[in-house]
Amino acid sequence: MIDLRIRVDPFPVVEPLVVRLRDQADDPGPNDAVLIGREGARREYEFQGFSLALHAADHLKLDNDVIMIVPGQTSARRLIRADSQHNTLLVTEQCDQLCLMCSQPPKKQHVDLFSELETAASLAPFNAYIGLSGGEPLLHKRNLFAMLLSLSKMRPDLKFHILSNGQHFGEEDTDTLREIGVERILWGIPLYSANADDHDVIVKKTGAFERLLASFSVLFEAGAAIELRTVVMQQNYDMLAALAGFVGTALPFVERWAIMQLENIGFGRMNWDSSFKDTSIDFGNVARAINIAAARDVPVQLYNFPLCSVPARYRHLAPASISDWKNKQEPFCAGCSLRQRCGGFFEWYVHKKGFRGLEPI
Ligand code: SF4
């Protein structure tokens, strides 16, 4: 697992400080810290006349990484790793749903870091693709849109993948979405069933399904790109074919439909025994859903599926979707011919409670 924190010596800040680390720079910007020395694990940077010292393994490349130093904390957060395609910024931990499979259960408090996140994104490498997640980012819609509008002017090369529960888009947002640039954002929005009651039970919010459809109308009107996301669980496995029909009929405009396996963390771990559906021994309803969606020209992707859990004819739909920092393979993967392109498992996956039908290929 890649560490997203770096130990930092005490640094005199009273507010969170966003810094880009540079191995060298002739003309450093106001947020740039430039490396001036290394001794063992200790790296010393010069930042606006101050000495900033980090402790990181020798092999760790930090050039152009963006970190945030928080007052009183002994480790800095690695917000942007310059050589990774898997950078995600946490916008808020608040959410108005309590989805059975949530990997990041919500908290009551919101720590507002929009200004810092905007600075971090503005310092990302050219053409970076940045994830924004929560909680539910649109609970802070005004600040979120203001940040995206600002970045669309400052850094038009950036693109974003934003996870949202789709409960908060209104007609009044259409112009703003267009102004931000619909080609700049892919909205990842979950739908778990074509049946309103079943969807609402899974997200634990009455009326969520209806509100979601209203949001889809707004996004469609604005021309926004949507990645529809469905986690396969015992609760919706038998409804997947019906959901595929619904997607093909009511939501054919989605960019893609991501059918996903469960992540064993947060509520997903708490509810694992009652929710995990072992698709390595029964893939039938997933296959049916894929076939129905394909017949209606809805592109499907399979996220978080180990390749050997997927029948050969559908494996091309399963990219290595698990972010590099939280991905692992199991000991039995060692001799597998698909190892290079398999997404493997979440770091916290527990094999004795997981897939029973896996075999190296
Ligand atoms: S054995 Fe491991 S590497 Fe091979 S397909 Fe299965 S999970 Fe992937």
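Ligands are counted one by one from 1 in listed order, and the atoms in each one are counted from 1 as well. In what follows, residues are counted from 1 in the order of the sequence shown.
The residues Lys353 and Asp273 are annotated as salt-bridged, a charged nitrogen and a carboxylate oxygen being separated by less than 4.0 angstrom. Under the 4.0 Å criterion applied to side-chain N and carboxylate O atoms, Asp65 and Arg81 are not assigned as salt-bridge partners. The pair Glu179-Lys153 meets the salt-bridge criterion, since a charged nitrogen lies less than 4.0 angstrom from a carboxylate oxygen.
Interface atoms of ligand 1 facing Phe345, defined by a heavy-atom separation under 4.0 Å, are 7 (S).
The six-membered or imidazole ring of Phe114 lies away from that of Phe145, with a centre-to-centre distance of 6.0 Å or more. In summary, the aromatic rings of Phe305 and Tyr314 are positioned with their centroids too far apart to meet the 6.0 Å limit.
Within the structure, every pair that satisfies the salt bridge (charged side-chain N to carboxylate O under 4.0 Å, His left out) test and touches residues 214-241, not counting sequence neighbours, is listed here: Glu227-Arg229, Glu227-Arg256.
Excluding waters, the set of protein N, O or S atoms lying under 2.8 Å from atom 4 (Fe) of ligand 1 comprises Cys336 SG.
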